[in-house]
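Working notes, beginning with the structure itself.
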Amino acid sequence: MRFPRSPILSPAAPRFRLWLLVVLLVGFGAFLRFHSQPGFKGVGFDEALYREYALKLEHFGIGAYPEICQIYVEDQRKPDSIAKLPPTRFLYVFSGWCWKKFRFGDAPPANPKAADFPQTDPTLRSLREVSGGFTVLLLALTGIWVWRAAGPHWALGILALMACAPVQIHMGQHALIDGVFAFWATLCLWALWENLQAPSRTGWLFTYGAALAALVLVKENAFFVCAGIAALLGVNRWARFGAVTPRLLLVSCLGPCAGWVVLVWLAGGLPAFVEIYTLLVHKAQHLPYAIKTGDGPWHRYLLDTLLVSPWIVCLAIGRVFSGLKQNRWLLYLAVFVAVTYALMCNVRYGMNLRYATIWEFPIRALALAQVVELSRRSAQRHLLWAAAAVALLCVYDLRQYRVFFQDFPLYELAPEGLLRAVKILK
């Protein structure tokens, strides 16, 4: 399925016009993430913890990271302590610390009691800028992938839809790890796809292994992405996404293992690593906030996503039921979403719309495919109708961002807040 040629993007047109549109869309997405003003002006619970770990890393140094992990273990051993995010989410903390050193040097922390603390603290600002930067990188990455898979028209469409995605903008404005995790998860999927198409390319194989290792270093939810990748490799025999080679299978195992070995070293050894995650799971199962907001039926993620981006979800579902055989890369994305969804919706007290950021790109790619299919039914001006539909979807998503994250200043994406933002609950 491809768009018809247009005079703007035909081979005879200067290529700089095409690149100008790409740059404008990526720039617009970056502008929304860094310059639009969210309604929530405070410091969230997750943000405070990541800032604390970054400050400890700056004070003690990376060689003392096992001691930082030991402090976490001793705190979580206390019967009256609440569940906290573990310092083993190392890559995000490390990235924030590196950016702080580059951006602010040795600037001291701001006074937490000051009214302008969120805007002036160098560590918190650095973590937020890292989050925003990775959401922009994800935007660019999806454009490149779609260009290679389906052509420039599709790339422009996905860039527009991703640039205006409400949750992506929100993830880029706060010190939240989920946008960073979505980037690495999408890079893993893209690198795997490219390896399936060209199994002899060593560069893609290295990129795939490095992305898997980085994914493990970002967040423990790497388990779900790795399970989705294993499922893609397993169904490849029937779906025929590409060629699965012994080298690809070996890297699929070695990449996560390499990340795991680094995490064990950072934690101070295997016993400490196991205890960190044992405590995390145990505490999370008894956290009042998780019990109140993290449970629900299997379709919980579907309902939450439908509240924020209803037209995107409806179009994506329509594309799935319309058939995906003619677009293998869309079937590839749909299989990944189905497998990871089946796993993630069964985690007790562990559901939140933030975790669904790994599906932002697949869902929008499926929605775009449905827009293309519907536009082809028009006798004339297929591209114009498709472009108009994408533009309307973008405008609606920006309206949704205003509703959820400006008019109603959400930080956590719990169901009660989402329902109150759209006035279902009052």
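Note that the structure is predicted; figures quoted are calculated from it, not measured. Starting from 1, each residue takes its place in the sequence as its number.
Between Thr123 and Tyr50, the side chains place no donor N or O within less than 3.5 Å of an acceptor N or O (distance only, hydrogens not considered). With no hydrogens or angles considered, no side-chain donor-acceptor pair links Gln406 and Ser36 at under 3.5 Å.
Side-chain atoms of Glu47 and Leu127, non-hydrogen and from C-beta on, never get closer than 4.5 Å to each other. When side chains are defined from C-beta on, Phe404 does not count as touching His170, because their heavy atoms never get closer than 4.5 Å. The shortest distance between side-chain heavy atoms of Val372 and Arg376 falls below 4.5 Å.
Two rings, from Tyr277 and Phe273, have their centers less than 6.0 Å apart. Taking the ring centroids of Phe94 and Trp97, they lie under the 6.0 Å cut-off. Side-chain rings of Trp204 and Trp190 approach one another, their centers coming within less than 6.0 Å.
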Enumerate, atom names and distances included, each donor-acceptor pair closer than 3.5 Å involving a side-chain atom of residues 361-368, sequence neighbours excluded.
from, atom 1, to, atom 2, distance (Å)
Arg364, NE, Leu161, O, 3.2
Arg364, NH1, Glu360, OE1, 2.7
Arg364, NH2, Ser309, OG, 3.3
Arg364, NH2, Asp397, OD2, 2.9

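Within 6.0 Å of CZ in Arg103 there are more than 12 heavy atoms belonging to other residues, nucleotides or ligands.
Ring planes of Trp311 and Tyr396: perpendicular class, angle over 60° (limits at 30 and 60°). The aromatic rings of His174 and Tyr411 sit perpendicular to each other, their planes meeting at more than 60°, with 30° as the lower class boundary.
At least one donor-acceptor pair closer than 3.5 Å links the side chain of Arg33 to the backbone N or O of Gly29.
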